[in-house]
Amino acid sequence: MAVKRITTKHQVNFKNHLNFEVPADNVLDLKKLAAEKEEKKNIENTLSKKTRSGFLNLYKKSQFKKTEKKEKNIFSYSGRKKKKIHNYSLKDKFVFSNPFSGFDNPFSAFSTAKVRGIIGFVLVAAVCVLPIYGLASYYKADNLKEKVLGVSWEAYDHLGIAAQAFADLEFENASFEFKSAIQNFVDAQKMLETVSGLVKIVPVASGEVSAADSILKSGESISSAGDYLAKAFAPFVSLTEGEVQESFNFTAALLLADANIKPAVSELKNAEQFIEKVSVSSLPSEYREQFLIVQGNMPALRAGLEEFSEFTDFLLSILGHGSMKRYLFAFQNNAELRPTGGFIGSFALMTFNDGIMKELEVPGGGSYDLNGWLQEQVIAPRPLHLVNPHWYFQDANWFPDFPTSAEKLMWFFTESGGPSTDGVIALTPNVIESLLSLSGPIDMTNDYGVTVNAENFRTVVKQVEQEYENTNKPKRIISDLTPLVFNKILELDRVDQLQILGVLNTLLKEKHLLLYFTDDELQQSIVDHGWAGEILDSPNDYLSIINTNISGGKTDLEIDELIDYNVEIQEGGEVTAKVTVTRTHTGQEDNPITGIKNMDFMRMYVPEGSTLIEADGFSHIDPRMFLYPNEGYEEDKLLQEVQGTVIVDESSETRINNEFSKTVFGNWVATEAGKTSQVSATYRLPFTVKPDGIFSKSDSYSLFMQKQSGTKGSVISTTINFPNKYDVVWQYPSDSTVEITPGKIMFTTTLNLDRYIGFVFQE
């Protein structure tokens, strides 16, 4: 039976967006330039004829005399002041780098600040024009020299205006100026062709003429790329004050962006090829340094655009371009921690088609609406027997590896009569709070007597859930609020909508938002960008503390967690580690919500093959408190496959097993309100660190610390002790956050993100 029979369906009240038609002039057509120039006189007025004329006369009168600081500056488009060329050099790449750093997040490319940063690209293009002046000054044919210089200067003039237009997000103006620059470059190339016939009678080296020709062609290609980029970004920013919001279609805008970014990449490839043909020695000395900057940064710029293009394809697929997509949204309450972020009290079913959200269903009864329809009877993981020995949808995120938990969520959903889905999107209340901070308050006074905002969201939800606790609609407020937030977000202007993507970037990195897709290509893209929430492989040492609140109320936001990790490298190469976790419950005892005892089943994920030496401080739970499953319930096949054989250490009652290529130590930590608990585990690591081997006098140690999804971020202090005869010859990170003294390394950080440290020792 379909889910819609047992849920209250909320249809989002979306406005009918007009289709965003690709304009006819969206491809380069030089023949239209003259007509466009006539029609766009208001754009030309941004630079008065008087200023333009004075600008051209300035270079004629000066006869291009060199100034003392000419090497480091270029004229601005106004001709009245100078701008320094910024060094947009590539980031240094080290042989020893963080293997978990992933890729630059393409979400950041959508932010307003990053769009403004494209001005750097335009400045790079402008530098390409400058050597023309120096080369042309060698020519004895005055008439030809004046013509080449005139058009070259005009090209530079247009590039400067385009740069300012980009900075002001005036992409229509920028596109027009780029086209004008293209025409200038074409004209200059035609004039320069005449020079080839004059080489015999004019004292100009053929290499210089060839360099000038290549630079002009690269300038043309760069200007063409700029024109395409202006058209790519234009749909995301209002072009006129009177433009109505209904005319904006995000998917159509993405399609237009994608259609223009691809040829922009092609033009940049052409520019790279032309620039490679230029011998730096053939250029005037005062322009060589700037030219090398351009030459070095072109590959990075092209690579960035290629990644952006891949991301637009990825986003279009998610939004259902070409085929309908249906996603299962899991709302994870991180005040009640579970392995992938929090207890799943509510869920939603969201359908996209051609980039438009068509349906949004949020059951008022939350996840419990599914339980009565579950066809399969499976036994829950053993620690969950403290509250329920039968496994249901709300407890399906038992595995800290999100792809595995997502597949289990989809299994429970379909086995409860739900339709097939194309993926799972899990989010904590941090996501809703972040969206509310952008959308502004949501008026819900008619139904709940309150206006919901980012500051009171959690408090309001708690209060309403308590009021509806004895009804079959305890999650009704989530059901009612969700479509209102989405509708208000869609009503924001375009620049504000771009900010949402920047916020999502942060939420993805901090694992408050997790994604899983059944499409292999989409999922691989998620994995590549580090958004999958999977348990990662580690080349050396690894640590992840996974907390699971079982019958501990909504108290995890009141828990401050400090992790102390101590590593001992012995002279023989053996390595032992001790993890000490201190949890302080800051809730008030008399508070009925936050004053409850926090009951946590803690799992320590360490390198596979690690051997437990000692576990101390863990809480004893009376076996009689655990419930037994009813007759007919069977062991879950996926659970058995993942966790394998579980053994129990008799002295500490620690559960030990291997899963996700890690060894896992699991035990209970109970913390009363206003008190502190401290537990520890000492174990032998399955590798050695010995830099005095026969074939190598160096050896390395690295540690990858993986954050639990949904947590606010524990503080972790790491101490690595090693023999005094060893020297640290390389470290990551290389900044002052790592303190190194003879025989000891200390590093303290907050696990709001995954962290990595690495060292190379030498005797």
Side-chain contact, heavy-atom cut-off 4.5 Å: [X] with [Y]?
X      : Y      : value
Leu319 : Lys325 : no
Phe314 : Ile526 : yes
Ile318 : Tyr327 : yes
Gln706 : Leu753 : no

Distance check, rounded to the nearest 0.5 Å: [X] atom [atom1] versus [Y] atom [atom2]?
X      : Y      : atom1 : atom2 : answer
Leu508 : His529 : CG    : NE2   : 10.5 Å
Ile222 : Leu229 : CD1   : CG    : 11.5 Å
Lys262 : Asp258 : NZ    : CG    : 3.0 Å
His158 : Lys179 : NE2   : NZ    : 13.5 Å
Leu315 : Ser525 : CG    : OG    : 10.0 Å

- Message: Test ring-ring contact (aromatic ring centres under 6.0 Å, His included) on Tyr228 and Phe178; report intermediate values, then the result.
- Response: CA-CA 9 Å; Tyr228 282 119; Phe178 275 126; over 10 Å; no

Looking only at non-hydrogen atoms, find the nearest pair between [X] and [Y] and report the distance.
X      : Y      : value
Ser224 : Ile182 : OG-CD1, 3.5 Å
Gly533 : Leu514 : CA-CD2, 3.9 Å
Glu272 : Pro299 : OE1-CG, 3.5 Å
Leu507 : Ser434 : CD2-OG, 3.9 Å
Ser221 : Asn270 : OG-CB, 3.7 Å
Lys269 : Arg302 : CG-CD, 3.2 Å

- Salt bridge or not for Lys511 and Asp754, using N-O below 4.0 Å? yes

- Using 30° and 60° as the class limits, which term best fits the ring planes of Phe402 and Tyr516: parallel, tilted or perpendicular? perpendicular

- Query: Which class fits the ring pair Tyr756 and Tyr732: parallel under 30°, tilted 30 to 60°, perpendicular over 60°?
  - Reply: tilted

Taking [X] for the side chain and [Y] for the main chain, is one N or O donor matched with an acceptor at less than 3.5 Å?
X      : Y      : result
His321 : Ser317 : no
Ser180 : Phe176 : yes
Gln731 : Pro733 : yes
Ser175 : Lys231 : no
Glu267 : Asp227 : no
Glu177 : Ile161 : no

- Using side chain to side chain contact (heavy atoms under 4.5 Å, CB included) as the criterion, point out the one residue from Leu504, Asn505, Val503 that pairs with Leu513. Leu504

- Message: For Asp735, is the CG atom crowded, meaning more than 12 foreign heavy atoms sit under 6.0 Å from it?
- Response: yes

- Task: Just do the side-chain contact (heavy atoms from CB on, under 4.5 Å) check on His512 and Leu427 with the steps written out, would you?
- Result: CA-CA 6 Å; His512 290 290; Leu427 59 156; over 6 Å; no

- Answer with yes or no whether the side chains of Gln524 and Asp528 bring together a donor and an acceptor at under 3.5 Å. yes

